[in-house]
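Residues: numbered from 1 along the sequence shown. Source: prediction; values computed, not measured.
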Amino acid sequence: MLSKQSIRGTTKVFMNKELITDKEILIKESESWTEPQLNFFKKMIRQGGNFSIGGRKYFIIPNDSNKPVK
């Protein structure tokens with residue numbers, strides 16, 4: 001199961017094209033995930049992208065504060 005700390009506040013997570021503003025929704029979803037699915041989600045939280053887990057489609061825009069300023 002995900003923890004609140006694993007989802008950064010500035011990371012945007014969309015589930016089925018809808019922006020998720022409550023971390024509890026993702027935590028509840030993650031209760032039925034396998035360990036590999038959980039690890040994959042955590043990886044995608046860091047790097048962003050499109051994927052699906054458990055029949056739901058996710059799109060993640062990661063926190064970009066660690067990108068260099070031009």
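- Under a hydrophobic clustering in which Ile, Leu, Val, Met, Phe, Trp and Tyr are joined whenever their side-chain heavy atoms come within less than 4.5 Å, directly or via other members, W33 and I60 fall into the same cluster.
- The shortest heavy-atom contact between M44 and G49 is CE-CA, 4.0 Å.
- Under the 4.5 Å side-chain contact rule for hydrophobic residues, F14 and Y58 do not share a cluster.
- Here the side chains of E24 and K4 are in contact, with some heavy-atom distance below 4.5 Å.
- Closest heavy-atom contact between G48 and P62: CA-CD, 3.6 Å.
- K12 places none of its side-chain heavy atoms less than 4.5 Å from the side chain of I20.
- In terms of modelled atom types and a separation under 3.5 Å, the side chain of K23 and the main chain of I7 share a donor-acceptor contact.
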* To do: Could you please spell out the steps behind the side-chain contact (heavy atoms from CB on, under 4.5 Å) verdict for F51 and F41?
  => CA-CA 9 Å; F51 60 97; F41 188 88; 3.6 Å; yes

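- No donor-acceptor pair under 3.5 Å is formed between the side chain of N63 and the backbone N or O of T11.
- Side chain of E18 to backbone of M15: no donor-acceptor contact under 3.5 angstrom is found.
- Just one of I27, D22, T21 meets the side chain to side chain contact (heavy atoms under 4.5 Å, CB included) condition when paired with I25; it is D22.
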* To do: Would you please test R56 and E29 for side-chain contact (heavy atoms from CB on, under 4.5 Å) and show each step?
  => CA-CA 10 Å; R56 300 203 191 272; E29 285 292 317; 2.8 Å; yes

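- You'll find the side chain of I45 reaches within 4.5 Å of the side chain of V13, heavy atoms only.
- Looking at every heavy atom in both residues, Q37 comes nearest to S32 through OE1-O, 4.5 Å.
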